[in-house]
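Here's the structure we're looking at; comments come further down.
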Amino acid sequence: MENVLGLVALACGLIVGLGALGASIGIGMMGGKFLESGARQPELMNDLQTKMFLLAGLIDAAFLIGVAIALLFAFANPFTLA
């Protein structure tokens with residue numbers, strides 16, 4: 001039983017950690033491309049900014065879904081029999 005709880009805790013840490021890593025890399029790459037495209041065509045900055053914020057919200061939403069799944073496993077563990 002303790003082995004299962006330990007592995008679930010490890011899995012929750014991996015879910016949150018790798019999700020945060022992926023979200024931060026994705027937002028960083030998107031921000032860099034936004035600045036590059038804004039430097040090339042400054043007249044499109046308003047349209048690009050709207051799309052960038054929409055995508056940033058979607059990337060963060062995917063990360064928060066992973067956090068919610070990790071919290072589900074941590075507190076309402078479906079892998080234990082009790």
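Quantities reported herein were computed from a predicted structural model and do not represent experimental measurements.
Atom CG of Leu5 sits about 13.5 Å away from atom CZ of Phe73, to the nearest 0.5 Å. Note: Cys12 SG to Ile69 CD1 = 10.5 Å, rounded to the nearest 0.5 Å. Atoms CG and CG, on Asp60 and Leu55 in that order, are 11.0 Å from each other to the nearest 0.5 Å. Taking CG of Leu58 as the start and CZ of Phe63 as the end, the distance is 15.5 Å to the nearest 0.5 Å. We find the CE-CG distance between Met52 and Leu54 to be 11.0 Å, quoted to the nearest 0.5 Å.
Cluster membership check: Val4 does not share its hydrophobic cluster with Leu14, using side-chain heavy-atom separations under 4.5 Å among Ile, Leu, Val, Met, Phe, Trp and Tyr. Under the 4.5 Å side-chain heavy-atom criterion for Ile, Leu, Val, Met, Phe, Trp and Tyr, Ile59 and Leu18 are members of distinct hydrophobic clusters. No path of Ile, Leu, Val, Met, Phe, Trp and Tyr side chains, each step under 4.5 Å between heavy atoms, connects Leu64 with Ile27, placing them in separate hydrophobic clusters. When the side chains of ILVMFWY residues are joined at heavy-atom separations under 4.5 Å, either directly or via intervening members, Met45 and Met30 end up in a single hydrophobic cluster. When hydrophobic clusters are built by joining Ile, Leu, Val, Met, Phe, Trp and Tyr residues whose side-chain heavy atoms come closer than 4.5 Å, directly or via intermediates, Phe75 is not grouped with Ile15.
Scanning for side-chain contact (heavy atoms from CB on, under 4.5 Å) contacts around Leu48 gives Phe34, Ser37, Leu44, with sequence neighbours left out.
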